[in-house]
2 protein chains.
Amino acid sequence: MRTRGAGGGSRVTLQTVADMTGVSRATVSNAYNRPERLSPELREQILDAARRLGYPGPDPAARRLRLGRSGVVGLLFTEPLSYAFSDPAAVLFLGAVARECESANAGLLLLPSPPDADIAGTLRQAVVDSMCIYSMPEDHEAVNAVLERQLPTVFVDQPRIRGTAFVGVDDRHGGRLIGEHVTALGHHHVGILTPRLLPDDYVGPVSDERLAASTFRIFKERFSGIRDALLQGPVPDVSITTQERGNTPEEGEAGAHMLLDSEPRPTALLGLTDQLALGALRAARARGLSVPGDLTVTGFDDIPEAAASDPPLTTVQQPLVEKGTAAGRLLLDLVQGGPAKEEMLSIRLVTRGSSGPVRDG
Amino acid sequence: MRTRGAGGGSRVTLQTVADMTGVSRATVSNAYNRPERLSPELREQILDAARRLGYPGPDPAARRLRLGRSGVVGLLFTEPLSYAFSDPAAVLFLGAVARECESANAGLLLLPSPPDADIAGTLRQAVVDSMCIYSMPEDHEAVNAVLERQLPTVFVDQPRIRGTAFVGVDDRHGGRLIGEHVTALGHHHVGILTPRLLPDDYVGPVSDERLAASTFRIFKERFSGIRDALLQGPVPDVSITTQERGNTPEEGEAGAHMLLDSEPRPTALLGLTDQLALGALRAARARGLSVPGDLTVTGFDDIPEAAASDPPLTTVQQPLVEKGTAAGRLLLDLVQGGPAKEEMLSIRLVTRGSSGPVRDG
DNA sequence: ACCAGTCAGTTAATCGATCTACTAAATTGA
DNA sequence: TCAATTTAGTAGATCGATTAACTGACTGGT
């Protein structure tokens with residue numbers, strides 16, 4: 001028998017309590033986990049001793065090791081974690097994942113991903129049953145790290161890897177919806193605002209090389225979808241100007257100003273996210289351009305702010321909450337041995353006040 | 001030596017890799033954690049074998065058991081977790097905590113707390129180094145559970161327990177600021193909108209008993225602060241009507257309508273949170289009452305929406321982000337053996353367009 | 001009186017890693 | 001050349017729990 005001096009100053013464990021009560025370790029364990037297996041009196045006695053000794057209850061890490069399950073779902077975010085709480089789309093998604101976890105009584109572990117840190121290491125250390133990768137560039141080291149760990153994993157938006165669970169939408173189709181809408185309105189000169197296409201700090205027009213090399217699949221697809229629709233649309237000589245920026249309204253505004261300074265001046269500004277489009281709206285206001293009279297602005301995502309903006313934003317609605325729900329459910333199902341499904345959710349164009357026909361002359 | 005048939009179909013562990021390579025378990029461990037302790041060739045050989053065997057790397061749970069640290073901070077929320085993502089104040093707070101955790105490369109574990117579940121059990125099972133309790137009623141079972149676990153714990157807002165780390169503001173003082181502001185404007189008839197004072201589903205006026213019995217210290221204090229200021233202010237015969245509601249704009253609107261139906265009709269509606277005050281603003285608009293002409297409305301918290309509302313809300317500003325930062329820092333310091341500080345952050349009245357002098361007659 | 005069946009516990013194996021203390025071989029220094 | 005030091009790796013204890021298999025003592029039906 002492995003015994004440790006009860007008052008020896010070292011940590012209190014099951015064994016300490018067992019020694020104190022004069023029963024075996026197993027019985028103390030049962031007192032906590034299977035009350036029906038011992039007499040109520042003895043149980044009380046044991047719990048009492050535990051209280052007196054200041055025993056904090058069975059150590060969760062040890063239990064987890066033995067049981068092989070932690071009841072925790074992990075989540076890794078592209079951007080620094082704090083960004084997750086400032087981006088409305090992310091908040092909606094996260095909230096829905098959280099709701100699912102909660103209903104299964106599982107914890108949700110948000111993993112840090114500061115720009116400089118060892119994410120692969122973090123990923124290896126996380127005590128979780130399954131893992132959600134939210135919108136990661138395709139070549140990110142985290143992707144390999146999580147794959148190597150052979151944990152049930154759900155990828156959301158990107159990357160999309162054969163044989164792994166996935167939740168997303170048809171972003172290229174979304175892009176086409178926007179493009180078709182804009183050509184239908186007769187716009188010849190169009191500006192596109194896109195978030196970063198590569199994990200660097202580049203700011204400026206999008207080159208064909210950057211687009212081709214992009215590791216952010218979803219934006220690449222939205223971009224291509226828009227461009228295809230524009231070029232194949234009823235309007236003959238479409239000119240397209242582009243600006244690549246960080247995904248915030250502030251940067252969107254700056255990018256929009258650049259686009260509006262180009263010749264010929266675009267009559268439509270298409271944001272690849274609502275955040276950027278909201279910035280474009282600000283830029284228009286700052287210049288005294290009326291929307292949609294002087295300028296058409298469109299977004300992508302349909303975050304709550306899109307409907308509330310002035311004018312309300314024409315955008316592609318993707319079901320952010322459903323996405324979180326689907327991801328959450330998959331995460332939990334995978335742990336139970338469920339299949340690695342791919343869920344493509346549906347999207348649609350929402351026409352609101354920010355888009356209109358091009359003004360003659 | 002403890003060996004397991006390498007190809008036996010069972011799990012791959014350090015030992016499997018060790019057997020495969022013909023070295024000891026310790027050496028394989030070193031290959032992962034202390035590369036400098038073995039020759040590069042051997043290391044490569046080991047890592048190679050691991051790859052071939054599909055070894056996912058050292059099991060985090062086992063490592064945690066051995067090392068005694070998990071690098072994770074836990075957080076328990078009053079309301080169901082999903083609420084945390086829908087309440088702006090909570091999102092701001094959470095984001096700041098997340099930022100702190102991230103800078104220390106720690107994970108943030110959001111614990112579920114569905115209304116019916118065994119929160120104490122959840123709390124006992126969480127593999128964390130420290131714990132944050134956010135705005136829990138004083139008598140909640142979770143409070144004892146976490147105390148029993150003897151984990152470094154930070155309480156935010158409530159409860160406030162002697163000897164434990166705490167982050168909060170002087171809510172009573174905040175209440176007085178509002179009360180003084182309103183009496184200074186000459187209001188005689190005041191309605192107060194408060195979130196739940198007890199963990200039940202009650203809806204309606206606040207009785208003295210409910211106030212006295214309240215386990216939500218912060219709202220009780222805000223309430224008392226307001227009332228004290230009103231009763232001791234320059235206005236002689238103040239009448240106070242009250243409504244208790246869930247903390248959402250929707251419920252705030254419903255409560256406001258009730259208050260506006262009472263006789264004498266209040267000329268000022270004081271929300272104990274911005275969420276409720278925002279609801280009051282809606283109610284006023286629905287009735288065609290001009291704010292602040294016909295009705296003064298005030299809030300508490302200063303969430304971003306407060307400044308953006310129409311008219312912008314007079315409210316008590318509390319530093320939500322700072323609160324999260326302070327909590328995060330404390331959480332991390334406690335793990336390092338830091339002292340259990342109490343941090344009282346400062347608040348101030350922010351006078352905006354939603355409050356004005358009572359209209360004569 | 002005998003066997004089967006419950007009760008209330010115990011024993012000992014096990015989960016998968018890490019770390020201290022140790023050893024054997026290689027290198028260094030005078 | 002021989003003791004001292006460094007290098008590369010090993011043995012075995014240990015972290016703190018859970019649980020399958022087992023043991024005696026009772027109970028009760030026939």
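Being a predicted model, the structure only gives us computed values, none of them experimental. The sequence lines fix the lettering, A, B, ..., with proteins before strands; numbering per chain opens at 1.
Every residue two or more places apart in sequence or in another chain was checked for a side-chain hydrogen bond (donor to acceptor under 3.5 Å, both in side chains) with A:Tyr32, and none qualifies. Residues satisfying the side chain to side chain contact (heavy atoms under 4.5 Å, CB included) criterion with B:Leu92, sequence neighbours excluded, are B:Pro304, B:Leu320, B:Val321. Residues satisfying the salt bridge (charged side-chain N to carboxylate O under 4.0 Å, His left out) criterion with B:Arg69, sequence neighbours excluded, are absent altogether. Every residue two or more places apart in sequence or in another chain that forms a ring-ring contact (aromatic ring centres under 6.0 Å, His included) with B:Phe77 is listed here: B:Tyr134. With sequence neighbours left out, the side-chain hydrogen bond (donor to acceptor under 3.5 Å, both in side chains) criterion links A:Asp59 to A:Arg11. By the side-chain hydrogen bond (donor to acceptor under 3.5 Å, both in side chains) test, B:Arg63 is found to be paired with B:Asn33, residues two or more places apart in sequence or in another chain being considered. The side-chain hydrogen bond (donor to acceptor under 3.5 Å, both in side chains) test applied to B:Asp333 returns no partner, not counting sequence neighbours.
The side chain to side chain donor-acceptor pair (under 3.5 Å) pairs that include a residue from residues 141-157 of chain B are B:Asp157-B:Lys323, where partners are two or more places apart or lie in different chains. Applying the salt bridge (charged side-chain N to carboxylate O under 4.0 Å, His left out) test to residues at least two apart or on different chains, the pairs with a partner in residues 91-102 of chain B are B:Glu100-B:Arg329.
Closest approach to the B:Ala62 side chain among D:dA17, C:dG16, D:dT18 is made by C:dG16 (side chain taken as heavy atoms from C-beta onward). Nearest to the side chain of A:Leu65, among C:dG16, C:dA17, D:dG9, sits C:dG16. When distances run from any side-chain atom of B:Arg11 to the nucleotides D:dA13, C:dC15, D:dA17, the shortest one goes to C:dC15. In the set D:dA17, C:dG16, D:dG12, C:dG16 carries the atom at the smallest distance from any side-chain atom of B:Arg66.
For the pair B:Asp59 CG and C:dC15 C1', the interatomic distance rounds to 9 Å; values are reported in whole Å. Taking atom CG of A:Leu14 as the reference point, atom P of D:dT19 lies 12 Å away to the nearest angstrom.
Of the N and O atoms on the side chains of B:Ser135 and B:Gln158, at least one donor lies less than 3.5 Å from an acceptor on the other residue.
The stretch residues 26-37 of chain A touches DNA chain D through A:Ala26, A:Ser29, A:Asn33, A:Arg34, each having a heavy atom under 4.0 angstrom from the strand. Remark: nothing in residues 121-129 of chain A comes within less than 4.0 Å of DNA chain D through any heavy atom.
Across its full length, the helix from C:dA1-D:dT30 to C:dA30-D:dT1 shows an angle of 30° between the axes of its 5 terminal pairs at either end, rounded to 10 degrees.
Taking only side-chain nitrogens and oxygens, B:Thr13 never comes nearer than 4.0 Å to OP1 or OP2 of C:dG16.
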